[in-house]
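Step one of this worksheet: look at the structure below.
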Amino acid sequence: MTTRPGVDAPDHRGRTGLDRAGRDLDRNPGVLVRDVELTSRGWHVLRRTTFDYRRRDGRWETQQRETYDRGNGAVVLPYDSGRGNVLLTRQFRYPAYVNGHPDGMLVEAAAGLLDEDDPFTAVRREAAEELGVVLGPLTHVLDAYMSPGSVTERLHFFAAPYTAADRTGAGGGVEEEGEDIEVLELSFTEALAMTGDGRIADGKTVLLLQWAALHGPFAPLVPPARAVTREP
């Protein structure tokens, strides 16, 4: 009998049943999952799912979608409101590089996968590894699906205060995992300006900086937006 790694035999990460995801979903009566095919089982998992979908006019049609499952993650914006600074990272991102970014070096908020941790624990772990900082009390900002057309990941967003004394490590990430992360301490006003001129092009980071400007610790520092009139 032929065994299939990741399906009925352990794959290189000891996983089985990877083709079962979604087969028992019944929360939406307008979606009936018919088949789940495991198409790739690298570090993360790619599946092709066939399902029946009831359109708004009542007609049923069969559709197929590929989903990339990398688990869920957490991201944090550490801020020093006393000095007006935030802590960010800069690292090479090949997907951005191959899709038009000049050098692939993205400025981002520290983030990582949850793995076996809860979001609060995971985001403190990532802040220590990537930034070398011990965070103060965490504020949960929101949860969001960042690319729901194909990626299953739900990202948990946080902000947390820090002071200069809380920077107890060098950061830089985990070298054994291929990470080579530069720690950036920037003024908040500069970081916010970078979202407007393209120097910060990472979605999760833009969202957190905008939240900090509108509702977070730097809201009093940001002047009201001016009305702009455009020709039709």
- Apply salt bridge (Lys or Arg N to Asp or Glu O under 4.0 Å) to Arg83 and Glu185, showing your working. CA-CA 11 Å; Arg83 295 185 297 146; Glu185 186 170 43; 2.6 Å; yes
For [X] and [Y], indicate whether the former's side chain and the latter's backbone hold a donor-acceptor pair under 3.5 Å.
| X | Y | value |
| --- | --- | --- |
| Arg48 | Arg65 | no |
| Asp8 | Arg4 | yes |
| Asn99 | Ala96 | no |
| Asp80 | Asn85 | no |
| Thr205 | Ala109 | yes |
| Ser187 | Glu190 | yes |
| Asp115 | Asp117 | no |

- Give a yes or no on whether Asp24 atom CG has more than 12 heavy-atom contacts from other residues, nucleotides or ligands under 6.0 Å away.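 Count over threshold, so yes.
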- With a cut-off of 6.0 Å (strictly less than), are more than 12 heavy atoms of other residues, nucleotides or ligands near CH2 of Trp60?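 Yes - once you tally the heavy atoms of other residues, nucleotides and ligands closer than 6.0 Å, there are more than 12.
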- Item | Chi angles and distances behind the side-chain contact (heavy atoms from CB on, under 4.5 Å) call for Thr49, Gln64 | CA-CA 6 Å; Thr49 300; Gln64 280 191 335; over 6 Å; no
- Task: Taking all heavy atoms of Gln210 and all of Thr195, pick out the closest pair and write down the distance.
- Result: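 Shortest heavy-atom separation between Gln210 and Thr195 comes out as NE2-OG1, 3.9 Å.
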Spacing of [atom1] belonging to [X] relative to [atom2] belonging to [Y], to within rounding of 0.5 Å:
| X | Y | atom1 | atom2 | answer |
| --- | --- | --- | --- | --- |
| Asp197 | Leu192 | CG | CG | 10.0 Å |
| Leu46 | Thr67 | CG | OG1 | 7.0 Å |
| Leu207 | Leu142 | CG | CG | 5.5 Å |
| Leu131 | Arg167 | CG | CZ | 8.0 Å |
| Trp43 | Asp11 | CH2 | CG | 10.0 Å |
| Arg124 | Glu126 | CZ | CD | 13.5 Å |

Hey, does [Y] have a side-chain heavy atom less than 4.5 Å from the side chain of [X]?
| X | Y | value |
| --- | --- | --- |
| Thr152 | Arg70 | no |
| Leu38 | Val7 | yes |
| Leu87 | Val133 | yes |
| Val75 | Val123 | no |
| Leu184 | Glu182 | yes |

- Message: Strictly by ring pair (Phe, Tyr, Trp, His ring centres under 6.0 Å), give each pair with a member in residues 116-147 just once, sequence neighbours left out.
- Response: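 Every pair satisfying ring pair (Phe, Tyr, Trp, His ring centres under 6.0 Å) with a residue in residues 116-147: Phe120-Phe158, His140-Phe158.
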- Item | SB check Glu61 Arg54 (cutoff 4.0 Å) |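 So Glu61 does not pair with Arg54 through a salt bridge.
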- Could Asp19 and Arg47 be called an ion pair, given the rule that one side-chain N must be under 4.0 Å from one carboxylate O?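 Between Arg47 and Asp19 there is no salt bridge, as every charged N stays at least 4.0 Å from the carboxylate O atoms.
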- Item | Test of ring centre spacing under 6.0 Å for Phe92 and Tyr97 |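 Yes; Tyr97 has its ring centre under 6.0 Å from that of Phe92.
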- Among side-chain atoms of Glu130 and Thr89, is any donor-acceptor pair under 3.5 angstrom?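 The criterion, which ignores hydrogens and geometry beyond distance, is not satisfied for Thr89 and Glu130.
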